[in-house]
Amino acid sequence: MRVATWNVNSVTARLPRLLAWLEGSRPDVLCLQELKTTTEAFPAAEVGALGYEVAAHGTGRWNGVALLSRVGLADVVRDLPGQPEYEGVVEPRAVGATCGGVRLWSVYVPNGREVGHPHYAYKLEWFEALRRTVEAEGTGSVPFAVLGDYNVAPTDEDVWDPAVFEGSTHVTEPERKALAALRDAGLADVVPRPLKYDRPYTYWDYRELGFPKNKGMRIDLVYGNPAFAGAVSDAYVDREERKGKGASDHAPVVVDLDVA
DNA sequence: ATGTCGCGGTTCCCGCGA
């Protein structure tokens, strides 16, 4: 079984690339983030023509997540139980489903903007709701994983230059402790292999030639319970998809599993 | 070497978020 996660930075803008990537990589399940469109406007017919069922969750210009599956899509849940609001709104940042006997969540963790900003506190609250979901769903024998854009680099090795990020979001101790809490809840960080260079970055800023200079970050993560992580046979970052005109600023992370 | 991108509204540029 092949599962993948990809922040597409607008599914509408990325549709030609998304369809080509699905045809080329043939994941059984794909977790998408940053749809930037509504549930209704999601291109379900186009991905359906490739054999995928869709659980999309979007409200418009920002955020939005989806699960695409060609191995079944059951027990769909939109939003984390108890997911915190931002400015009075529960944003579309999480969707869960059971696909081919594996329980999966596609998540888009809040960015945080600046340390001390209300969005940063919201980010940490959001992680706590995610941790509670892991405790509720992920501690049994069923393979379980949370895939998506976590907006946190787990270690200093996961950013191209730690000095540049000093004092910024994505690398602070409270954010990294939120990831550690997920590991304490039983999940393992399924670290993919890079297809080039030494670090498996998943995101490179559009600005200042981030990709050609490999000024990247590993912020798109796959956190799986023992039944999931123990079944992993391979994992890699598909940096090829970050190349060329019309790319997202994130590359897909692909995980192959030996599950029935 | 791609030396930002994408969206929606206040539209044919601007502000915002990332």
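Below, chain A is the first sequence line, B the second, and so on; all start at residue 1.
Comparing B:dG17, B:dC7, B:dA18 against the side chain of A:S10 picks out B:dC7 as the nearest. Here B:dA1 is the nucleotide among B:dG6, B:dA1, B:dA18 with the atom lying nearest to any side-chain atom of A:K213. The side chain of A:R242 has B:dT2 as its nearest neighbour among B:dT2, B:dA18, B:dA1. In this structure, the nucleotide among B:dT4, B:dC7, B:dA18 sitting nearest to the side chain of A:Y206 is B:dT4. Considering only side-chain atoms of A:K36, the nucleotide from B:dG6, B:dA18, B:dT2 that sits closest is B:dG6. Nearest to the side chain of A:R113, among B:dC7, B:dG17, B:dT2, sits B:dG17.
When each of A:P110 and A:K243 is assigned the nucleotide of DNA chain B bearing its nearest heavy atom, the one mapping closer to the 5' terminus is A:K243. Ranked by how close their nearest DNA chain B nucleotide is to the 5' end, A:F211 and A:N111 are led by A:F211.
In this structure, A:E53 does not pair ionically with A:R70, as no charged nitrogen and carboxylate oxygen lie closer than 4.0 Å. A salt bridge does not link A:R242 with A:D249: every distance from a Lys NZ or Arg NE/NH1/NH2 to an Asp or Glu carboxylate oxygen is 4.0 Å or more. Under the 4.0 Å criterion applied to side-chain N and carboxylate O atoms, A:R132 and A:E135 are not assigned as salt-bridge partners. Taking a cutoff of 4.0 Å between a charged side-chain nitrogen and a carboxylate oxygen, A:R176 and A:D156 qualify as a salt bridge. Checked for salt-bridge contact, A:R218 and A:D189 meet the test: a charged N lies under 4.0 Å from a carboxylate O.
One can place CD of A:E87 at 12 Å from C1' of B:dG17, the figure rounded to the nearest angstrom. Atom CZ in A:R14 sits roughly 8 Å away from atom C1' in B:dC5 (whole-Å rounding). For the pair A:L15 CG and B:dC7 P, the computed distance is 12 Å after rounding to whole Å. Distance CG (A:L209) to P (B:dT2): 9 Å, rounded to an integer number of Å. Computed from coordinates, the A:E241 CD to B:dT2 C1' distance equals 14 Å when rounded to whole Å. The nearest whole Å value for the distance from the NZ atom in A:K215 to the P atom in B:dG3 is 15 Å. Atoms CG (A:D249) and C1' (B:dC7) sit 14 Å apart, rounded to a whole Å. As rounded to whole Å, 14 Å separates atom C1' of B:dA18 from atom CD of A:Q33.
A:Y203 comes within 4.0 angstrom of nothing in the nucleic acid, heavy atoms only. Nucleic acid contact class of A:T12 (heavy atoms, under 4.0 Å, all strands): sugar-phosphate only. Contacts of A:G244 with the nucleic acid, taken as non-hydrogen atoms under 4.0 Å apart, include base atoms.
For B:dC5, the OP1/OP2 oxygens have no side-chain nitrogen or oxygen of A:R207 closer than 4.0 Å.
Nucleotides B:dT11 and B:dC7 are separated by 12 Å at their C1' atoms, to the nearest Å. Taking the P atoms as reference points, B:dT10 lies 13 Å from B:dC16, given to the whole Å. Distance noted for atom C1' between B:dA18 and B:dC12: 24 Å (whole Å).
Annotation: A:E208, atom CD; neighbour count of heavy atoms from other residues, nucleotides and ligands within 6.0 Å does not exceed 12.
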